[in-house]
Each structure stands twice: as C-alpha cells, then as structure tokens.
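Notes for the one structure printed next.
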2 protein chains.
Amino acid sequence: MIDATLEAIRTALEANRVEEAIAALTDLHPVDRAEAFADLDDQDQAIILPQLDINDTADLLEELDDEEAADVAETLSTPFLADILDAMEPDEAADVLGDLPPKLAADALAEMEESEDVIPLLVFPDETAGGLMTTHLLTLAPEITTAEAIEYLRQTTLGSDTPYYLYVVEQNLKLLGVVGLRDLVIADPNRRIREIMDPDVISAKTDLDQEDVARLMIRYDLAAMPVVDDVGSLRGVITYDDLMDVIEVEATEDIYRLANVPDSDLSFDSPIGLSIRRRLPWLFLSGITALFASWVISQFESLIAQVALLAAFLSVVAGLGGNTATQTLAIIVRAIALDEIEPRDAWRTLTKEAVVGLFQGLFIGAAAAVGVYLWTGNEVLGLILGLALVGNMILATVIGTLVPLILRWLGADPALASTVLVTAVTDSVGFALFLGLASVFINYMR
Amino acid sequence: MIDATLEAIRTALEANRVEEAIAALTDLHPVDRAEAFADLDDQDQAIILPQLDINDTADLLEELDDEEAADVAETLSTPFLADILDAMEPDEAADVLGDLPPKLAADALAEMEESEDVIPLLVFPDETAGGLMTTHLLTLAPEITTAEAIEYLRQTTLGSDTPYYLYVVEQNLKLLGVVGLRDLVIADPNRRIREIMDPDVISAKTDLDQEDVARLMIRYDLAAMPVVDDVGSLRGVITYDDLMDVIEVEATEDIYRLANVPDSDLSFDSPIGLSIRRRLPWLFLSGITALFASWVISQFESLIAQVALLAAFLSVVAGLGGNTATQTLAIIVRAIALDEIEPRDAWRTLTKEAVVGLFQGLFIGAAAAVGVYLWTGNEVLGLILGLALVGNMILATVIGTLVPLILRWLGADPALASTVLVTAVTDSVGFALFLGLASVFINYMR
C-alpha cells in the first residue's frame with residue numbers, strides 16, 4: 001500500500017501537482033507516512049516538507065528514525081523547528097535534539113516554549129529509565145474528588161497518546177499512588193482520589209537500566225511505569241510503546257553478541273565502512289584464538305605427517321564441540337536475559353548440562369566412530385574420534401554454562417565475548433584431546 | 001523480598017500457623033505470589049491452596065506457568081475448578097484448559113457458567129491472533145451517547161485489567177471504530193459514539209501469525225489490537241501484555257535457531273531427556289556436514305603427509321569463515337525478523353556484504369599471512385592462508401546473506417538451519433580453497 005502511495009506521490013510531484021502529493025501522503029497513517037517520506041529522494045522531501053503544518057511535521061519527526069529526523073530538522077528554520085519540537089512528545093523531542101549539532105540544538109531549545117519538559121530528559125543517559133521516560137503525564141492531588149479529577153482531564157491539553165494511568169502525588173511530587181482511568185470513570189463522583197487510588201505502585205529510579213525496566217514492566221504487565229528520583233518524586237513515565245522498542249533492542253543485542261557483532265545499531269543497511277570497523281575487531285580476536293588452536297595442532301606435526309588422515313577429522317572435533325557449546329550458550333544467555341536463572345541454580349544447571357554433554361557425546365561419538373570405521377576401515381581411528389567427541393562435548397556444555405554465568409557474576413554482559421572464549425577452549429582442548437589420544441594409540445592405527 | 005516471604009511462609013507452616021502463612025503470601029503482588037507459591041514444595045502447596053478464595057486462586061492460576069497451573073488445577077474438585085475458570089480472564093482459562101487432561105477439561109468446561117467466552121478461544125491455534133486474544137472486551141453501539149456509554153461502563157463487571165479501548169460495533173458485531181477511554185471521558189455527554197470514534201482501526205484476522213501481530217502492534221504503537229473474523233466481525237482483542245510475551249518468545253526462537261536449538265520451549269531447567277532429544281538431531285546434522293568437510297580434506301591426504309603443518313591452519317580457515325558467516329547471518333536474520341529488509345534490498349545487501357567480506361578478508365588475511373610467516377618462516381604458506389581467507393570470507397558474507405533470504409522466500413523460517421547450511425559451505429569450500437592453493441604452490445612451500 002505504501003508502495004502504491006509512493007508511486008502516486010512521485011507521479012504527482014513530477015507533474016508539479018504538489019497538493020495532490022501532500023494529500024496522498026497525509027492520507028496515510030502517521031507511521032506509514034514517515035516511511036513513505038523517508039523513501040522519497042531529498043529533492044522530493046524538500047518540496048513536501050514546507051507544505052506540512054506544524055502538527056504533521058511533528059508527527060513526521062516522531063515517527064522517523066532518529067538520524068533521519070535530525071537530518072530533516074536541520075533543514076528547518078530555527079523558530080519553526082522550535083515550534084515543532086514544542087508540538088512533539090517531550091521524549092521524542094529530546095531524542096531529536098540529542099542528534100542535532102550542539103549549536104542548532106541549543107538555539108532551538110532557547111526558542112522553545114515548553115523547553116522545561118525537555119531539558120530534564122536531556123541529562124539522563126539514553127539506556128536508563130530517565131532516558132526512556134516522557135515528562136508528559138497527568139498527576140492528581142490526593143484530596144480532590146473524582147468529579148474534580150474528570151473536570152481537570154477535560155481541560156488539560158495533553159494529546160491522546162498519554163497513558164491511561166493518572167499518578168497521585170503530594171505537593172513536592174512525591175508519588176503516592178496510581179488511579180486507572182476506568183476506575184476514575186466508574187467511581188462515585190464525590191469520592192476522593194486518595195480513597196480510590198492504588199498505593200502499591202511499582203516505579204523505577206531514573207538511573208535504572210532499560211533492561212531492568214523492561215523486566216519489571218513485563219513481569220508486572222504494566223502498560224506504563226512511573227519514574228521517580230532518589231527522594232521518590234515523580235519525574236516521568238515510561239509507556240509500553242517505548243518498552244516494546246527496548247525489548248527488541250535487547251533481543252537484537254543478545255543475538256548480535258552471540259554472533260560476535262558487538263554493536264546492536266549495525267543493520268543490513270549500515271554503511272560498509274562502519275560495518276567493517278565494528279565487525280573486524282571480533283574477527284581479529286577469533287583469528288588469534290584460532291592461531292592458538294593451530295599452535296596446539298602444530299605440536300603434533302610429526303604425528304600428522306605419519307597419519308595424514310587425522311587432519312581430516314580435526315574439523316569434526318572442532319565443529320561439533322563448537323556447535324554443542326553454542327546450543328548451551330544460547331540457552332544460558334537467554335535465561336540470564338529473561339532473568340530466569342538465579343545464582344542458586346548454577347550448580348544444578350552445570351551438572352545437568354554436563355550430563356546432556358555426556359549423552360550427546362556418547363550418541364554423536366558412537367555415530368562418528370561407526371561412520372569413520374565404515375569409511376576408512378580403521379576402527380582405532382573411529383574409536384579415538386568418538387572418545388575425543390565425548391570429552392569435547394562434555395567440556396563444551398560445561399564451559400558454555402560457566403562462561404556466561406561467570407561474566408554475569410563479574411558484572412559483564414554474559415553474551416559479549418562468550419562465543420569467542422568458549423569456542424577457543426573447545427577448539428584447543430578438543431584438538432589436544434584427539435591428537436593426544438592418537439599419539440598414544442599410534443601403533444594400533446597404521 | 002520473595003525469598004524472605006518464602007522463609008516466613010515455610011516457618012509458619014512448620015509451626016502449623018497456616019493463617020499466618022496465607023497472610024504472608026497474599027501480601028505479595030499476585031505475580032510474586034505465584035512465584036513464591038511455585039517455589040513451595042507439593043505438601044506446602046496442598047496445605048495453602050484450599051485456604052485461598054476463588055479470586056486469589058484464579059489470580060494464582062493466571063500468573064503460574066501454563067504447566068504448573070495445570071498441575072494445580074488437577075488437584076481441585078471439578079465444580080471449584082469451574083468457578084475459578086469463570087473468574088479468570090478467558091484467554092488464561094483457555095490456556096489452562098488446553099493443558100488439562102481432555103476428560104477433566106471437558107467436565108470443567110461443562111460446569112462453567114461463562115464457557116461461551118472460553119470455547120471460541122479453544123479452537124484457534126496458540127500462535128495465531130485467535131490464540132492470543134481474549135474475549136473480554138467492551139463494545140459500544142455507534143448511536144448511543146457518551147453519557148450512556150459511561151453509564152454502561154459503570155455497570156459492567158469486567159475486571160480492571162480490561163484494556164482502555166472501547167470498540168464500536170454494529171448489531172452483527174461488525175467492527176466500525178474505536179474510542180479511547182480518555183476521549184470518551186472528555187467528550188460532550190450528548191455526543192454520539194459514532195461522532196467521536198476513530199473509524200481507521202487497525203485489526204488482525206483470527207488466523208494471523210503471532211509474529212505478524214507483534215509487528216503490527218509495534219509498528220503502530222498499539223496497546224490493544226482487535227481481532228476480527230473473515231466477515232469483519234469482532235471476535236476478541238489482543239493486549240500489550242500478551243504482545244510482550246510474543247516479542248520475547250520470537251526473540252528466543254531466533255537466538256535458539258541461530259544456535260541450532262530448534263525448540264524455543266527448551267530452557268536451562270528443561271528435563272535432561274527432553275534437552276538431549278531436541279538438541280541431538282541438529283548435532284547429527286552438523287556432524288554429517290562436518291564429515292563431508294572431512295572428506296574434502298581427505299582428498300588432499302598425500303599433500304598433508306608432505307606438509308603436515310597445513311593441517312594446523314585448517315581450523316583457522318574454518319573458524320574465520322564460520323565467524324564471518326555468523327556475523328552476517330545474525331544481521332540478516334534479525335533484519336528479516338524485524339521486517340526491515342524488503343525483497344528489493346536483496347541485491348544491494350548482497351553486494352554490500354560481499355564488499356564487507358572482501359575487506360575483512362584482506363585485513364584478516366594479511367594479518368594471518370604475516371603472523372604465519374613470522375611463526376613458521378614460510379612466506380608461501382602465509383600467502384596461501386591469506387588468499388584462502390579472502391576467498392572464504394567473501395563466500396561467507398555472500399552465503400550468509402543468501403541462505404536466510406532464500407529460506408524466507410521459500411516461506412521457511414530464515415533462522416532455522418541457516419547456521420548449519422552456511423558453515424557447511426564455508427568449511428568445505430574453505431578447505432578446498434586452502435588445500436587446492438597449497439597443491440598448486442607445493443613446490444614453493446617445502
């Protein structure tokens with residue numbers, strides 16, 4: 001549908017029917033509109049942008065990617081940009097300001113009317129509760145009646161994407177409780193807010209990491225979570241739509257880190273130079289560990305010169321050790337990310353994984369032994385490979401459990417570096433095991 | 001906090017102070033309560049369960065894992081179970097019924113008063129919009145006034161976790177629009193619902209896959225999405241809390257599949273037998289591809305007998321090819337999962353990744369060549385390894401892009417089998433390239 005609209009917009013612009021192009025664009029849902037706008041070339045964007053009113057431009061900047069939004073913002077005059085930032089949700093406006101050149105951001109902020117909503121948001125790091133929250137929220141005093149609260153709702157000008165919770169605060173903004181909009185509507189008009197509020201409100205401190213924010217909101221099924229400062233004063237609110245983005249970013253981070261991609265901002269359309277710069281260091285690191293494994297093999301050079309076929313099965317030892325470790329890593333890293341595994345589970349998990357590794361080693365080792373015997377006719381070679389696989393797969397499950405748990409315990413990200421560390425161990429030890437066994441049984445093998 | 005409460009509950013139960021134990025338990029948030037209950041042993045659970053009232057038991061079953069909830073449900077008398085299921089959200093009740101023995105489920109369903117809310121939910125597959133939705137939702141007729149709508153809200157008995165959207169339907173339940181609760185509250189009491197509703201409501205068909213449901217709700221920042229049948233009649237609603245679970249399950253699925261764990265239900269505390277059964281087939285498959293790579297190496301047996309040191313660097317070729325491919329796979333699979341990559345991007349992405357592979361190969365290949373020369377003093381061996389790495393890393397990025405895109409194009413899951421297929425190619429071709437080059441330059445190498 002967006003493609004058809006894009007086509008219509010381009011055709012209209014070519015024929016200089018700008019109004020028709022604008023109409024086609026604004027017919028779209030704001031989300032689709034931003035996508036269509038981003039797909040237009042710079043020239044077409046420059047024609048359309050001045051024709052949009054303040055609210056449509058604000059919607060556009062809210063829905064565009066942060067960088068694209070900043071690019072568009074830079075083309076606007078400072079007073080117009082300030083008006084648009086005023087019309088945006090404060091957290092979105094703060095994101096745009098953060099991506100602008102500092103001089104332009106300062107000028108725009110100085111001209112904004114509601115800069116006091118945005119300035120607090122600029123000071124919190126992006127990946128914390130303070131960086132996620134918006135300051136647009138509705139607060140109620142505990143002593144007003146529900147009828148008064150509804151009248152206040154009618155008069156306030158906050159947009160309709162405001163969450164459906166109202167926070168009850170004292171004069172100093174100390175958070176006392178929360179009232180659901182529905183509870184407010186159905187309550188007796190003369191009851192006081194204090195009587196109908198839920199005082200057990202789950203809140204986050206401004207510096208709480210976004211991953212922990214997500215865990216809390218998911219655990220307690222919260223559509224919105226209030227954010228408080230050190231003395232318990234309400235500073236903002238995080239809504240489910242920001243939360244969904246956090247969950248996705250955190251999942252991308254885990255997937256990438258297990259795959260040795262250290263930067264979750266990389267995507268299929270990142271610039272080539274950036275892709276190389278970010279991905280290369282981890283390949284260097286794994287190259288160094290691979291050379292160490294090569295050194296292990298080189299210690300058996302004369303053995304391999306005698307039984308060159310041994311070389312053919314090194315990749316089986318490394319491959320299956322690595323795959324077994326990767327399975328365990330994925331399960332443990334995910335359990336840590338979802339906060340399912342507790343320190344007290346460590347020992348039980350370790351022994352369980354070791355048993356899994358043992359049985360997987362026995363099955364795969366036996367199959368490989370039989371396969372190698374049928375292929376080469378050399379039963380000792382098959383047996384040695386089988387034994388090496390049993391040993392390496394037990395090692396793989398144990399080390400695949402230990403490394404992320406230890407990284408977590410050290411306060412590091414359990415996904416980061418896990419794969420490189422674990423496969424370095426399974427490669428090197430696996431080779432030593434296989435070739436060591438072969439050295440011992442060399443006389444039975446030729 | 002839960003640990004402290006658990007301790008208190010166990011102490012109270014040991015001293016036969018059951019009421020004290022119940023009080024400590026019910027003091028907790030329902031989510032924490034369920035976790036604490038699940039941590040108690042069967043005997044303690046059996047003492048506490050009969051003391052909980054219908055609503056507390058319903059809360060407990062809603063918050064427990066599906067299997068644990070079914071275990072608890074089986075211990076209850078059928079009439080009591082039916083009452084509890086009536087008190088639960090229909091989608092949660094349907095989940096519990098689905099995990100009960102069929103006879104017990106049928107008996108409980110027969111005794112339920114509100115079984116008509118639950119029965120439709122039993123027919124939809126779990127991973128579709130129909131399987132995710134709940135039937136508890138509020139509908140309004142278009143011609144009533146906002147005052148009448150609010151009066152209706154006051155009188156309805158639906159729990160307060162009902163979403164804050166009201167759906168406007170015709171007599172035949174055909175979905176006409178949506179009204180936000182806040183819009184209802186602030187509207188003129190005499191206006192008709194038809195005038196204040198938003199007719200552009202985004203809905204899902206009952207058979208839409210949960211991954212597509214998640215994509216739509218995330219894209220359009222929806223806290224709730226109505227579900228309609230083939231003729232556009234409203235059948236239920238999916239709320240953000242179910243959505244968050246879906247996002248996490250889908251992310252787990254991608255992480256697991258890239259790590260050759262085919263079943264996203266596996267976790268660190270899955271039974272050993274199940275873990276082995278699910279993880280073993282993929283290790284067999286990767287064992288078979290590893291043996292194929294071994295066969296490739298075995299074709300160069302006499303070469304390796306002459307220059308045994310070649311064997312030491314096979315693992316470098318395989319390891320770096322595999323790691324490069326894994327980086328690309330993670331980025332492409334994630335882009336597909338997040339619906340960011342379009343078919344039209346395929347060619348551009350492919351050439352981009354090939355260029356990334358080329359440069360990574362040049363850097364890493366040069367470093368490896370120098371490293372091997374410094375170590376072995378054999379500049380030809382270093383050069384051959386470097387060239388093989390350049391070739392294998394270009395192959396890795398190309399095949400790592402193509403395989404998930406082709407799997408997706410075939411309608412298969414792009415993450416499933418990608419890793420095994422891709423590393424099979426980089427291993428085999430990488431070995432052939434390295435050893436083939438070594439065959440050609442054998443006379444310069446000794």
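So you know, we letter chains A, B, ... as the sequences are listed, proteins then strands, and number each from 1.
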Residue among [options] with most heavy-atom pairs under 4.5 Å to chain B:
{"options": "Q299(A), E250(A), E35(A)", "answer": "E35(A)"}
{"options": "T349(A), L283(A), L320(A)", "answer": "L283(A)"}
{"options": "D245(A), T252(A), N323(A)", "answer": "T252(A)"}
{"options": "D345(A), L184(A), V420(A), L222(A)", "answer": "L222(A)"}
{"options": "F359(A), F431(A), W282(A), F284(A)", "answer": "F284(A)"}
{"options": "V317(A), D241(A), T324(A), V31(A)", "answer": "V31(A)"}

With a 3.5 Å distance limit and no angle check, can you tell me whether [X] reaches the backbone of [Y] through a side-chain donor-acceptor pair?
{"X": "Y256(B)", "Y": "L266(B)", "value": "yes"}
{"X": "S270(B)", "Y": "S267(B)", "value": "yes"}
{"X": "Q327(A)", "Y": "N260(B)", "value": "yes"}

Applying salt bridge (charged side-chain N to carboxylate O under 4.0 Å, His left out) as the test, list every pair that has at least one member in residues 350-359 of chain A; sequence neighbours left out.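 Sorted result for residues 350-359 of chain A: E353(A)-R279(B).
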Distance (rounded to the nearest 0.5 Å) between [X] [atom1] and [Y] [atom2]:
{"X": "L329(A)", "Y": "R334(A)", "atom1": "CG", "atom2": "CZ", "result": "14.5 Å"}
{"X": "L216(B)", "Y": "I202(B)", "atom1": "CG", "atom2": "CD1", "result": "7.0 Å"}
{"X": "I332(A)", "Y": "I341(A)", "atom1": "CD1", "atom2": "CD1", "result": "4.5 Å"}

In terms of heavy-atom pairs under 4.5 Å, which option from [options] contacts chain A the most?
{"options": "I255(B), T326(B), L338(B)", "answer": "I255(B)"}
{"options": "L291(B), T419(B), V372(B)", "answer": "L291(B)"}
{"options": "I364(B), D427(B), I288(B)", "answer": "I364(B)"}
{"options": "I276(B), V261(B), V333(B)", "answer": "I276(B)"}

Quick check on Y152(B): does its OH atom have over 12 non-hydrogen neighbours (other residues, nucleotides or ligands) under 6.0 Å away?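 Yes, enclosed.
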Is [X] in contact with chain B via its backbone, its side chain, both, or neither, using a 4.5 Å heavy-atom distance?
{"X": "T328(A)", "answer": "both"}
{"X": "A318(A)", "answer": "neither"}
{"X": "R344(A)", "answer": "side chain"}
{"X": "A187(A)", "answer": "backbone"}
{"X": "T397(A)", "answer": "side chain"}

Nearest heavy-atom pair of A368(B) and L389(B): which atoms, and what distance?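 Looking at all heavy atoms of both residues, the shortest contact is CB-CD1, 3.6 Å.
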Closest non-hydrogen atom pair, S294(A) against S315(B):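 What the structure gives for the nearest pair is OG-OG, 3.9 Å.
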Once side chain to side chain contact (heavy atoms under 4.5 Å, CB included) is applied, do any residues pair with S298(A), and if so which ones, sequence neighbours excluded?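 Scan of S298(A) (side chain to side chain contact (heavy atoms under 4.5 Å, CB included), adjacent residues dropped) gives W295(A), L309(B), A312(B), W375(B).
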What part of [X] lies closer than 4.5 angstrom to a heavy atom of chain A: side chain, backbone, both or neither?
{"X": "L280(B)", "result": "both"}
{"X": "A214(B)", "result": "neither"}
{"X": "L310(B)", "result": "neither"}
{"X": "D221(B)", "result": "both"}
{"X": "I331(B)", "result": "both"}
{"X": "M217(B)", "result": "backbone"}
{"X": "Y240(B)", "result": "side chain"}

Step by step, would you call R348(B) with D269(A) a salt bridge (Lys or Arg N to Asp or Glu O under 4.0 Å)? CA-CA 9 Å; R348(B) 188 168 52 83; D269(A) 61 356; 5.1 Å; no
Under a 4.5 Å cut-off applied to non-hydrogen side-chain atoms, are V185(A) and R154(B) in contact?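 Heavy-atom side-chain distance check fails, nothing below 4.5 Å.
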